[in-house]
Undergrad: 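Pasting in a structure now, in structure tokens, and then I'll have a few things to ask.
Keep in mind that this is a model prediction, so the values were computed, not measured. Residue numbering restarts at 1 for every chain, and letters A, B, ... go by the order of the sequence lines.
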Number of protein chains: 2
Amino acid sequence: MSNPTVQAEHAKQNIKLAVDNCIFTVKDGKLFILLIKMKSKLQGMWALPGGLIKDTETIGAAAQRILKQETGLSDNYLEQLYTFSQPNRDPFARVISTAYFALIPDANIELKPSPKYDDVRWYPVKKLPELAYDHNHIVKYAKQRLEWKISYTNAAWSLLPEKFTLTELQKVYEAILNKKLDKRNFRKKIDKVGLLKETKQTKLEGAHRPAKLYEFSSKKKKIVEII
Amino acid sequence: MSNPTVQAEHAKQNIKLAVDNCIFTVKDGKLFILLIKMKSKLQGMWALPGGLIKDTETIGAAAQRILKQETGLSDNYLEQLYTFSQPNRDPFARVISTAYFALIPDANIELKPSPKYDDVRWYPVKKLPELAYDHNHIVKYAKQRLEWKISYTNAAWSLLPEKFTLTELQKVYEAILNKKLDKRNFRKKIDKVGLLKETKQTKLEGAHRPAKLYEFSSKKKKIVEII
DNA sequence: CCAAAAGTGTTAACGCTACACCCATGT
DNA sequence: ACATGGGTGTAGCGTTAACACTTTTGG
């Protein structure tokens, strides 16, 4: 550190670095996002689950750590979204936050509210409350990315259980894109992409023909035009 | 700051925040990136121009400030790329860096090496030297994004002067995508997108038919499938 | 008149969209 | 037998990719 200018700049900087997670799931054909209810600062407001990163971890690792804390899940689709840096985004300190977004399968997950928060809940993204900080803005950004991801990559797979029917898959797409899709055309495309394989099992649910169950032939992330 | 946990975390964090710019241009049908030669730390190595962000500015503003310092240019296409956070990416301190990328028009720009650096140069991206920190990695990432941008948005316009010929435009695409394009199909697509308007001027250059000059009918950023 | 880049249309293959009926099951 | 969602094919249209010759200029 022989350069005094750099040293001076270093000394001056007084900024904290955080991560905020946009954790999505689809349930009953509706898109949900995980929110927490804040204690202490901004008490009672809903916000994205997040936290400061540690000196020795990457931001991605921090996001994963927090995802696991909130949902118990690991090894999911998790992707850096954007770094938000408005100086006044946090009224209490200069905090720059890197947002991540994660997709988790239909969540009959035991949410375990950590002592850090007053509550944890899945909120339908169509009717979000006013969130703390710039989190409404972050969620808006995340929704756009999600739409893109689901249309152009195989990320949808992360929202489904191990085995699923084609109708369930289609419902995931419809929930995220917020529009109806044609059943036959949808199946043609899925078939063309060729990432699914039939299982011998079927799913019987209600008074109608049982549906074939499918699984992924590979779980690698791919860029594939789907819709 | 009533929560002692948060306070403790705050107190512990010892991370600096920087920005690194990937500034591209196309010259003579080749893609270039702006690099600086380092003084002091890692002396003699080439690196992306960057610097620490200030307590009162956004990261984007920092990127713009640095772009202006290096090239004198402002008001260009400038976009956040990714935030790189490997704990060991900077051997001297924990520095997390948000990379930006910028496109500037064919650069007969007076590069003014700031006293911070030993040299500033345009490097052809096809033969980059080994760069400082994780900058080779950042550039790789930036190249991918650039390919995508040029294919699916009107970002190419940022690489051209006010008025330009269709062949010049095509050369920009060919340089970035690193492949030849069909002249007639290219022009059909450009025409369909409808963002250009003819001027009455032509450009005469060498012993052949002069080319019509075009300009943009709008400079707004748009998402448009082009190639 | 020759060299060099500018400019210009057509055809064939492919992909996308719209659309309607039979199937397997539970009650 | 009927109600419910599962499952399947085709025709028309638009988009893309491949391809070659004429035009305008300077030398």
Undergrad: Could you check whether atom CG of A:Asn88 has more than 12 heavy atoms from other residues, nucleotides or ligands sitting under 6.0 Å from it?
TA: yes
Undergrad: In whole angstrom, give the distance that lies between atom CG of B:Asp191 and atom P of C:dT8.
TA: 9 Å
Undergrad: Just checking A:Tyr173 against A:Phe186, ring centres under 6.0 Å apart?
TA: yes
Undergrad: May I ask you to decide whether A:Glu174 forms a salt bridge with A:Lys179, counting only side-chain N to carboxylate O separations under 4.0 Å?
TA: no
Undergrad: Taking OP1 and OP2 of D:dG6, is either one under 4.0 Å from a side-chain nitrogen or oxygen of A:Thr167?
TA: yes
Undergrad: Within this structure, what is the CZ-to-C1' distance between B:Phe186 and D:dT16, rounded to whole angstrom?
TA: 15 Å
Undergrad: Using whole Å, report how far CG of B:Asp182 lies from P of D:dA20.
TA: 11 Å
Undergrad: Take atom NZ of B:Lys180 and atom P of D:dA18, then tell me their distance rounded to the nearest Å.
TA: 15 Å
Undergrad: Within the pair B:Lys189 and D:dA17, is there a side-chain N or O less than 4.0 Å away from OP1 or OP2?
TA: yes
Undergrad: For A:Ser85 and B:Thr58, does a side-chain donor sit closer than 3.5 Å to a side-chain acceptor?
TA: no
Undergrad: Tell me whether the OP1 or OP2 atom of D:dA18 has a side-chain N or O from B:Arg184 closer than 4.0 Å.
TA: no
Undergrad: Using the side-chain heavy atoms of B:Arg187, tell me which of these nucleotides is nearest: C:dA6, D:dA17, D:dG9.
TA: C:dA6
Undergrad: Measure CG/B:Leu213 against C1'/C:dG7 and give the value in whole Å, please.
TA: 15 Å
Undergrad: Taking OP1 and OP2 of D:dT16, is either one under 4.0 Å from a side-chain nitrogen or oxygen of B:Lys192?
TA: yes
Undergrad: Determine whether the aromatic ring centres of residues A:Tyr82 and A:Phe101 are separated by less than 6.0 angstrom.
TA: no
Undergrad: Give a yes or no answer on whether the side chain of B:Thr199 reaches the backbone of B:Leu213 with a donor-acceptor pair at less than 3.5 Å.
TA: yes
Undergrad: Using the 3.5 Å cut-off, write out each protein N or O paired with an N or O of nucleotides 21-25 of chain C and the distance between them.
TA:
{"unit_1": "C:dC23", "atom_1": "O4'", "unit_2": "A:Arg209", "atom_2": "NH1", "d": "3.3"}
{"unit_1": "C:dA24", "atom_1": "N3", "unit_2": "A:Arg209", "atom_2": "N", "d": "3.0"}
{"unit_1": "C:dT25", "atom_1": "O2", "unit_2": "A:Ala207", "atom_2": "O", "d": "3.1"}
{"unit_1": "C:dT25", "atom_1": "O2", "unit_2": "A:His208", "atom_2": "N", "d": "3.2"}

Undergrad: Could you give the CD-to-P distance, from A:Gln170 to D:dG6, as a whole number of Å?
TA: 9 Å
Undergrad: Answer whether the closest heavy-atom distance between the side chains of A:Arg89 and A:Phe84 falls below 4.5 Å.
TA: yes
Undergrad: Between P on C:dA12 and CG on B:Asn185, what's the gap in Å once rounded to a whole number?
TA: 16 Å
Undergrad: To the nearest Å, how far apart are A:Leu166 CG and D:dT8 C1'?
TA: 12 Å
Undergrad: Test for a donor-acceptor pair under 3.5 Å between the base of C:dT10 and the side chain of B:Lys188, counting only N and O atoms.
TA: yes
